[in-house]
Amino acid sequence: MTQSKENPEKNREVISEESMKDLLTKQLEVVGSGGAFVWAIFFLCVTPNILNGFHVSSYTLLGHLPDDQWCGIPELHATNWTLAQQREIAGKGLDSGGCTVWDWNYGHLAKMSYEAARNHTSHLSQISQPAEVSCRVKGQHEFAHPETTFVADWDLTCDRSIQRTSAQVSISLGKFCGSFSFGILADKFGRKTSFTLGAAFFIVGSFFCSFSPWYSLFLAGRFALGAASSGLFYPAFTMIVENICLKHRSWMSIAFSASYPVGMIILAIVGYLIQPWRHLQLALTIPSLLLILNCYLMVESPRWLITNQRYDRVYKILFRQPSHYQVQPAAAAPSPVASDKKSLEPVEGFSFGQKLKNGPLKSIIELYANGRVRRMIFASYFMFCVTSLSYYVTALNAANLSVSRYLYIIGTGLVDIPSYLVPVIMLRFTGRRLTTMFLFMWTGVSLLLVLAVPAGSTTWIVAFAMLGRFGISATYSVVTLYTAELYPTQIRNSALGTCSTFAHVGSISAPYVVDVLGALGWYIPTTICGCCVLVAGLLTLTLPETGTGKLSDKVESSASSTPTEPVEKQ
């Protein structure tokens with residue numbers, strides 16, 4: 001009796017490793033088919049995606065260009081002139097939006113009455129037109145409602161307007177870096193570990209953005225938010241794909257993606273009620289503290305734990321009690337008999353390069369080592385890049401309309417929500433591959449139809465562009481699910497992470513496509529996206545169907561599976 005207390009392991013039933021894997025996998029299928037386990041995963045994973053909708057779209061409200069700006073001349077402030085009179089003297093006839101003023105001797109003009117100054121400048125203009133100089137030479141920029149945008153805080157206008165754009169670029173760059181690094185971390189150290197680190201980045205970055213006195217620190221906070229959004233999104237999405245049965249996996253993954261526009265709609269409502277940008281940023285920061293609760297309640301992915309042979313921990317999660325089994329490790333392959341003196345020499349330790357190859361870089365190497373997996377990953381890269389490019393190009397083109405920014409964000413969210421729901425029905429009947437191809441074709445044709453509309457028909461142009469946005473939003477959700485199912489558990493997060501990296505190449509490129517190429521022709525951005533999306537649709541035909549509900553765990557089993565498996569009815 002005393003011996004059993006000292007050695008409780010002796011009371012545990014011995015079971016082979018393969019039997020233990022089968023036992024846990026079958027229990028995961030049972031637990032993942034419904035109940036508290038499924039709903040807990042779903043709600044804990046949806047929350048951070050709503051928060052992503054807050055911060056990634058907040059740039060439209062926090063950094064909008066002021067509705068009215070002008071150049072304030074210090075010498076004229078001391079006069080009894082009205083603001084309109086000061087603006088007329090400084091910039092009459094100029095169409096630079098307050099970026100430039102006339103090069104008058106404002107100290108001399110300030111000593112006159114307004115009428116005398118107007119007559120004096122008119123007389124001088126008839127003799128010789130004065131030079132047009134930058135506002136910063138004579139004064140400083142002033143704004144109608146400076147508290148509503150960070151542009152006024154750091155004077156990010158006119159010749160410094162490119163620095164305003166860097167606030168959005170920093171988010172994309174953060175997502176670019178985060179998607180790659182957090183994907184590797186999730187495959188190496190676990191989904192929950194990556195999620196927890198992403199939550200920490202998210203909270204710290206949010207507070208940096210709320211209280212930063214310097215624009216550089218604000219940009220650092222935006223970068224952290226971008227990186228954290230990937231650190232939260234992909235582990236959370238992978239948790240749904242790995243641990244929920246096919247019956248719920250399709251609609252839950254789509255609902256997960258649809259939670260992003262829900263965050264956009266909430267952002268627009270809160271932004272309308274809270275006008276000062278720092279107050280709005282703080283209002284968006286406070287809900288991020290809920291991520292602490294998420295990290296506490298979330299469990300590690302059972303499928304990832306099985307792959308990494310942590311059977312006791314999986315057993316406790318799935319059966320809600322400690323394991324009473326002792327796993328018998330598989331017998332090691334017999335070592336080869338030494339046939340010469342060289343084989344008898346002691347094996348040298350691994351080099352640093354070998355340690356990297358077998359450690360952090362292992363999952364990345366496995367993405368490209370197998371020919372079939374390599375072809376799939378390059379096709380996935382193109383699909384993700386084109387999807388992201390088209391998504392952001394349609395968003396930026398629509399933003400040029402003369403509509404309220406609050407209504408625009410709400411409208412975009414309302415368009416996106418049904419676009420995520422439509423694929424739920426399509427996936428049920430047509431499978432992953434045909435659904436993805438159809439949505440790519442839908443988007444490409446919609447964007448190319450813009451070419452058939454006369455340049456003056458703004459309503460029809462916007463209608464087709466929004467039809468394309470509807471299609472590309474639906475494509476985004478399906479492509480993410482499809483890609484997650486294409487790759488085995490061993491490298492799934494690395495595949496999603498590197499695909500996301502290429503997606504952010506598209507999101508970073510989108511502003512340049514709109515601003516630079518759009519200046520050459522208003523139809524060029526949508527035409528480029530339409531053509532690229534059609535090519536992506538054709539590439540989809542080279543990928544296997546994954547709607548069978550059978551996810552592979554090892555690269556070898558994925559590579560040896562047939563490319564076209566029958567679609568299982570859900």
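Here Y114 pairs with W81 under the ring pair (Phe, Tyr, Trp, His ring centres under 6.0 Å) rule; sequence neighbours left out. Contacts of F43 classified as ring pair (Phe, Tyr, Trp, His ring centres under 6.0 Å), with partners at least two apart in sequence or in another chain: W39. In terms of the side chain to side chain donor-acceptor pair (under 3.5 Å) criterion, T540 has no residue partners (sequence neighbours excluded). A search for side chain to side chain donor-acceptor pair (under 3.5 Å) contacts involving T79 returns nothing, not counting sequence neighbours. Taking H120 as the reference, H108 meet the ring pair (Phe, Tyr, Trp, His ring centres under 6.0 Å) condition, with sequence neighbours excluded. Taking the side chain to side chain contact (heavy atoms under 4.5 Å, CB included) definition, one finds that A379 meets it with L543, sequence neighbours left out. Checked against side chain to side chain contact (heavy atoms under 4.5 Å, CB included), A268 has the following partners two or more places apart in sequence or in another chain: I409, I410. Contacts of E132 classified as side chain to side chain donor-acceptor pair (under 3.5 Å), with partners at least two apart in sequence or in another chain: T100. F223 is linked by a ring pair (Phe, Tyr, Trp, His ring centres under 6.0 Å) to nothing, counting only residues two or more places apart in sequence or in another chain.
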Contacts under 3.5 angstrom, residues 462-471 side chains, donor-acceptor by atom type, not counting sequence neighbours:
| residue | atom | partner | partner atom | Å |
| --- | --- | --- | --- | --- |
| R469 | NH1 | Y391 | O | 3.1 |
| R469 | NH2 | Y391 | OH | 3.1 |
| R469 | NH2 | D416 | OD2 | 3.3 |

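Screening residues 150-167 for salt bridge (Lys or Arg N to Asp or Glu O under 4.0 Å), with sequence neighbours left out, gives R136-D155, R136-D159, D153-R278. Residue pairs meeting the salt bridge (Lys or Arg N to Asp or Glu O under 4.0 Å) criterion with at least one partner in residues 117-129, sequence neighbours excluded, are E115-R118.
The distance between the ring centers of F208 and F201 does not fall below 6.0 angstrom.
Environment of CH2 in W442: sparse, with no more than 12 heavy atoms of neighbouring residues, nucleotides or ligands closer than 6.0 Å.
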